[in-house]
Amino acid sequence: MSTPRVRFAPSPTGPLHIGGLRTALYNYLYARKLGGTFILRIEDTDQKRYVEGAEQYIREALTWSGMAPDEGPEAGGDYGPYRQSERSELYAKYTQQLVDAGKAYYAFDTPEALDAARSAAEADGKVFRYDSSTRGGLDNSLEMSADALNARLATDEARVVRLFVQADEQVVFSDVVRGTVRMSTNELDDKVLMKADGLPTYHLANVVDDYEMKITHVIRGEEWLPSTAHHVLLYDAFGFRQNMPAFAHLPLILKPVGKGKLSKRDGAKFGMPVFPMEWDDQASGETFSGFRESGFLPDAVINFLAFLGWNPGTEQEMFNLEELVVAFDLDKIGKSGARFDFDKAKWFNQQYISQLSDDAFADMVAPSVQEAGFDVSREKLLALAPLMRERLNTANELPTTGAYLFTSPNAFDDKQAEKRLKKADLDQLAHVGAILEGVSSWDAEQAGTQLKSWANEHEVKLGILLPLYRIALTGGMSGPDVFELGEVLGKEETIQRWETALAHFRSLQSNLSAA
RNA sequence: GGCCCCAUCGUCUAGUGGUUAGGACAUCAGGUUUUCAUCCUGGGAACAGGGGUUCAAUUCCCCUUGGGGCUACCA
């Protein structure tokens, strides 16, 4: 068997969403695993829905995730062009072939006429379908003389080409993840193959291109399962059945809570990104957040996505792209829809951030720190890496929950402070500044041992001193080890923060005793 | 409505005709020799319901229920 050729075939109607990225991923993994070819094909046959910049976005998203295609509009290849809008003659040729063979026909019904037919059927409690039961009464070439047809085709009257679906037949195909799927042709309509604008519909273009590009495996979302029957019929009509690719329909990604599949507005609704990268929607003026801008590492997003609908069958969960390639297997893909769990995505990200080198950590964190308005040196970011790398879910948290790393706290957690101040002797704690001042070589080790031994000598409870010291440095109760933090902050800054806090503590304590 | 697909902890899932039904996220409780978002240990938590088949069903079959998708001159 030859090596697989798989394609990711998005439509440039907007940003690639996370479900699409997962489809791309599974295609990519399958190709890589078997030494095959990963192809990007742009399905831009709908002029009305075409969105400027979407194709660019798709390519950038693939690059960001580490899945650059082997063939595609930009990568080139022997089976191009890779944009369907540039392959029109091909579709026209194949359509003609079908018409000549009597497997497709012209239809002149106007959209209004079809709408009317739909309303009429609805009023009757039925659903209109353009098929063997209705096509006889509609305006198509089926029972038209050659002369009459040619006369109409010679005008500029709008027409489409429809697939002629034979009644009372069974379409049977096998799907790698679902097994055998059967459908009666009585359920299938005479799908439009060629639209009035001269461009093909998805169904035609998809089948023609998969054949022409020698695609061996179609790995796509489950929303395509029902129309696969039409595609099989098309392969038959063309006589391509022996070359028909294998199908693998992926389970859909569902909303975190509630009903339905994940949609682009769920991002704002649930406070999480649904797109790999940020996207400004020109039409609506909305901005959709992206994983990249939210401080996620591509490896983490990929790892998370890989596990939404697939798992290796072992207990290992951490897989980078290369490891996924080795472990991936089409028949370990699940059948049921998977809810998008943002907590798990954050956990993966935290795991990956904790593995970053100091340099990579600084790189990752720099943009959000700068955006937050902090002017921080590279040296400081590098110094922060060992302290913070295991404590972040996303890079963006650093300047927000860790603002104290860059600037003195502008408020203190008074509640936590008061708990300690009830039993604190501030006159005694006033010596802390001098102790810190006396630390000759300023590092976590020295500052820590000297402060602790001073406390022990003077019977100052560490359970009181340390929390207050922490509050002085960070404003609250969380953060890295206080002495490590002090080291990064520097001696001067640390002492200054302590003195500022001490003054605040004094007023807190006097209020406390007054009350 | 019709058709297709699906159904194990709250979530992602492993798994088998006979198992203490396993792991991860989340959650809760402890611990890391008195600071900490990390880390460690532990707890609670699931086979949708009803019929079959079988010595035995979470596992195989059917039905019900529930969920998802499709039903456009969109993909």
Side-chain angles (χ1 to χ4, degrees), chain A residues 9-13 43-46 48-49 107 109-111 114-115 118 122 125-130 158-162 175 177-179 181-184 186-189 191-197 199-203 205-206 221-229 249 251-252 254 256-257 259-261 304 307-318 332 334-348 350 354 387-393 397 401-402 448 452 455 461-471 473-474 477-485:
Chain A
S11 215
T13 54
E43 309 229 330
D44 54 350
T45 56
D46 187 352
K48 295 182 289 297
R49 295 210 308 156
D109 315 273
T110 62
L114 292 175
D115 282 346
R118 277 188 198 100
E122 201 175 328
K126 289 188 255 182
V127 177
F128 171 77
R129 191 190 292 141
Y130 208 118
R159 85 291 305 251
V160 301
V161 176
R162 285 181 182 271
D175 184 280
V177 344
R178 324 244 154 215
V181 179
R182 291 187 180 77
M183 233 169 286
S184 163
N186 292 340
E187 304 294 339
L188 306 177
D189 67 336
K191 275 263 175 294
V192 170
L193 265 19
M194 192 57 95
K195 297 179 284 189
D197 63 6
L199 292 174
T201 57
Y202 172 89
H203 309 289
N206 197 261
E222 194 188 351
E223 70 267 29
W224 295 110
L225 192 56
S227 53
T228 302
H249 286 95
L252 264 19
L254 276 21
V257 297
K259 292 184 166 199
K261 65 172 176 177
F304 165 68
F307 272 73
L308 235 42
W310 171 87
N311 83 87
T314 66
E315 284 181 359
Q316 184 183 346
E317 298 225 47
M318 299 299 294
K332 284 226 177 308
K335 297 181 207 290
S336 42
R339 281 191 192 277
F340 185 94
D341 181 4
F342 191 49
D343 280 331
K344 191 116 185 198
K346 284 191 287 197
W347 176 78
F348 271 114
Q350 183 264 120
S354 71
L387 268 65
M388 300 305 292
R389 139 174 81 203
E390 287 180 349
R391 298 164 185 277
L392 292 177
N393 285 320
E397 287 174 6
T401 64
K452 282 179 191 168
K461 287 212 163 39
L462 288 175
I464 291 183
L465 169 60
L466 261 18
L468 289 176
Y469 188 50
R470 167 172 295 283
I471 291 168
L473 295 192
T474 71
M477 290 302 292
S478 55
D481 178 274
V482 273
F483 299 108
E484 302 271 357
L485 175 61

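Proteins come first, then strands; the chains are lettered A, B, ... in the order of their sequence lines, and each starts at number 1.
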Can a side chain N or O of [X] be found less than 4.0 Å away from OP1 or OP2 on [N]?
| X | N | value |
| --- | --- | --- |
| A/Arg178 | B/rC4 | no |
| A/Thr314 | B/rG23 | no |
| A/Lys48 | B/rC74 | yes |
| A/Lys335 | B/rU8 | no |
| A/Lys195 | B/rC74 | yes |

Under 3.5 Å, which N/O atoms of the protein pair with N/O atoms of nucleotides 62-67 of chain B?
unit_1 : atom_1 : unit_2   : atom_2 : d
B/rG67 : OP1    : A/Lys259 : NZ     : 2.8

Check salt bridge (Lys or Arg N to Asp or Glu O under 4.0 Å) between [X] and all other residues, then give those that pass, not counting sequence neighbours.
| X | result |
| --- | --- |
| A/Asp481 | none |
| A/Lys48 | A/Asp46 |
| A/Arg339 | none |
| A/Asp44 | none |

NA contact type, [X], heavy-atom cut-off 4.0 Å: base, sugar-phosphate, or nothing?
| X | answer |
| --- | --- |
| A/Phe307 | sugar-phosphate |
| A/Val127 | base |
| A/Ser336 | sugar-phosphate |
| A/Asp109 | base |

Look at the side chain of A/Asn311 and the base of B/rU13, then say whether one donor and one acceptor between them are separated by less than 3.5 Å. no

Determine whether any donor atom in the side chain of A/Lys344 lies under 3.5 Å from an acceptor atom in the base of B/rA24, or the reverse, and answer yes or no. yes

What is the distance, rounded to the nearest whole Å, between atom CD of A/Glu317 and atom P of B/rU11? 17 Å

If the sugar-phosphate is the primed atoms plus P, OP1 and OP2 and the base is the rest, what is the B/S/- string for nucleotides 37-43 of chain B, using protein heavy atoms under 4.0 Å? BSS----

Could you tell me whether A/Phe340 and A/Phe304 have their ring centroids closer than 6.0 angstrom? yes

